[in-house]
Amino acid sequence: MPLIRARRAIRFLLMALGLLVPFSRHSCAEAALLMEEPFGFFGFLNPTGHDAVYFQRICAETPIKLRRCASGETGAVITRYQGIAKYDWIAMPLLPYLYAVETASEVPARADREAVTGLRDKYHEARLLSLGKDVPRGGNVKRGWSQFVGVAYDRRIYAFRFATTEEQDDALIARMNATENRTRFNLLTRNCADFNSGILNFYFPRTFHRTILPDGGITTPRQVTYQLLRYARKHPETQMGAFDIHQVPGNRRRSRANKSIAQSLITSGYVVPFYFISPYLAGAVVVDYLIWGRYPLGLKYPPVLSPGNMAPLTLPGASANTVVETQP
């Protein structure tokens, strides 16, 4: 009898391990929301920043066509940009997106404006001519392809890693490739944060949405990040981890923190004209910020990712040293 019980116990243990291994393989953290800080003159006028989504399993066959990554590839960043001819979204390999180079050894510790321009132009000539002649280079005012080549030379980026499955990633590839990639950008109703909310809702249905309070119904990167972290706090299987990708010094002044719409109106001084129009309107903006619009992210010194050590973000199953928690 003890021998029979022992055999049954061993059989049960093997069955449990057989179920556990596939679950672990499919639930590794394979994607990350990138919350990018505002910078420059446009960042002063609109200090909400930008966001994008990185996928470890999804790669860019071209900037406008997706595929599953091959062994050794480190995935792609997908996001919406304004001014990219007729295209609504662009996909970029991770290192070129961050540093305008294809290998970590090419990333400079410091780069002035001339060096950054050279790196961006070299990558554009090698990889982005397929976008066509209608896509301008862009600058501080006019937007163009330089927005998504070497992002880390312009701003600091926070990466919030979460788990996906292979089936979900394959379904997203099919959907993105099948949908017409025509520009839909609108700063108020179809901005970068709206686009990424749609992608995240594909993985976490009915989680991301606009709200009248705060932000007057406008989606912002900080708002989307807060909603992701709030979801992850209630769902540990999300395997949330946070990382800090520092801005490479030399090209620009340090970028500034992402803000909500209400906070932007207050800190940029836009609320002052509101006061002369109606003190109640100005007061409503302040109340909106104080009660709803601060979006506490709970960032407590997240691990820093360097160009030579992106493994916690790019390797499946890599562990994060920090789990971000939000206030209820």
Side-chain angles (χ1 to χ4, degrees), residues 31-43 47-56 59-60 63 73-81 84 90-124 126-128 137-140 143-161 192-193 196 221-222 225 241-258 297 299 301-315 320 322:
L33 176 65
L34 306 181
M35 186 180 73
E36 306 174 6
E37 292 187 341
F39 68 92
F41 180 69
F42 184 78
T48 56
H50 184 75
D51 63 1
V53 184
Y54 161 75
F55 293 95
Q56 189 273 332
C59 280
E73 293 183 299
T74 56
V77 177
I78 306 172
T79 188
R80 170 181 282 164
Y81 280 103
I84 313 303
I90 293 293
M92 282 283 292
L94 181 62
L95 272 181
Y97 180 80
L98 294 175
Y99 303 110
V101 297
E102 298 190 72
T103 61
S105 61
E106 298 176 87
V107 181
R110 184 179 181 88
D112 59 22
R113 187 160 300 183
E114 183 179 354
V116 171
T117 298
L119 290 172
R120 286 172 169 161
D121 288 344
K122 181 180 178 181
Y123 186 82
H124 177 261
R127 301 294 183 183
L128 296 179
R137 189 182 197 285
N140 290 335
R143 318 306 282 173
W145 60 261
S146 62
Q147 296 174 94
F148 51 82
V149 181
V151 172
Y153 298 114
D154 293 329
R155 50 178 146 207
R156 186 180 195 175
I157 302 162
Y158 290 99
F160 298 89
R161 198 195 62 188
C192 63
N196 292 305
R222 192 174 182 94
T225 302
F243 304 94
D244 185 352
I245 302 174
H246 282 184
Q247 179 181 352
V248 178
N251 181 50
R252 292 184 180 273
R253 295 179 179 178
R254 292 181 61 180
S255 56
R256 299 176 290 275
N258 302 79
L297 302 184
L299 289 171
Y301 305 106
V304 176
L305 299 180
S306 64
N309 182 28
M310 303 296 290
L313 187 63
T314 61
L315 291 184
T322 297

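Computed from a prediction, not measured in an experiment: that's the story for all the values here. Numbering starts at 1 and runs along the sequence shown.
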Looking at every heavy atom in both D154 and S255, which two are closest together, and how far apart are they?
O-CB, 4.0 Å
Which atom pair, heavy atoms only, marks the closest approach of A100 to V149?
CB-CG1, 3.6 Å
Got E106 and L119 here, is their nearest side-chain heavy-atom distance under 4.5 Å?
no
Looking at L98 and I245, what are the two nearest heavy atoms and their distance?
CD1-CD1, 4.2 Å
Would you sort out whether I84 and F148 count as a side-chain contact (heavy atoms from CB on, under 4.5 Å), showing the intermediate values?
CA-CA 10 Å; I84 313 303; F148 51 82; 3.5 Å; yes
For I90, does its backbone N or O pair with a side-chain atom of T79 as donor and acceptor, under 3.5 Å?
no
Looking at Q247 and R253, would you say the former's side chain and the latter's main chain have a donor-acceptor pair under 3.5 Å?
yes
Step by step, would you call L297 with T225 a side-chain contact (heavy atoms from CB on, under 4.5 Å)?
CA-CA 8 Å; L297 302 184; T225 302; 4.1 Å; yes
Evaluate the side-chain contact (heavy atoms from CB on, under 4.5 Å) criterion for residues Y123 and E102: first the C-alpha distance (whole Å), next the side-chain angles of each, then the deciding distance (0.1 Å), finally the verdict.
CA-CA 9 Å; Y123 186 82; E102 298 190 72; 3.8 Å; yes
Other residues, nucleotides, ligands: >12 heavy atoms within 6.0 Å of R127 CZ:
no
If you look at every heavy atom in P302 and A242, which pair is closest and at what distance?
CB-O, 3.6 Å
From CA spacing to verdict: side-chain contact (heavy atoms from CB on, under 4.5 Å), I78, Y97
CA-CA 10 Å; I78 306 172; Y97 180 80; over 6 Å; no
Can you tell me how far the CZ atom of R156 sits from the CG atom of N258, to the nearest 0.5 Å?
10.5 Å
When rounded to the nearest 0.5 angstrom, what is the spacing between OG1 in T314 and CG in N309?
8.5 Å
Can you name the nearest heavy-atom pair linking C59 to A76, along with the distance?
CA-CB, 3.9 Å
Can you name the nearest heavy-atom pair linking G150 to R120, along with the distance?
O-NH2, 2.9 Å
Could you tell me whether the side chain of R161 and the main chain of F243 form a donor-acceptor pair under 3.5 Å?
no
What I'd like to find out is whether the side chain of Y153 reaches to under 4.5 Å of the side chain of R113, using heavy atoms alone.
no
Atom pair OG1 (T74) and OH (Y54), whose distance is rounded to the nearest 0.5 Å
5.5 Å
Nearest 0.5 Å please: distance from the CG atom of D51 over to the CG atom of N196.
4.0 Å
Could you check if a side-chain atom of L299 sits within less than 4.5 angstrom of a side-chain atom of F160, using non-hydrogen atoms only?
yes
Between D244 and P303, is there a donor-acceptor pair closer than 3.5 Å when you use the side chain of the first and the backbone of the second?
no
From the list E36, R256, R254, H246, side-chain contact (heavy atoms from CB on, under 4.5 Å) with R155 holds only for E36
Is the H50 ring parallel, tilted or perpendicular to the Y81 ring (thresholds 30°, 60°)?
parallel
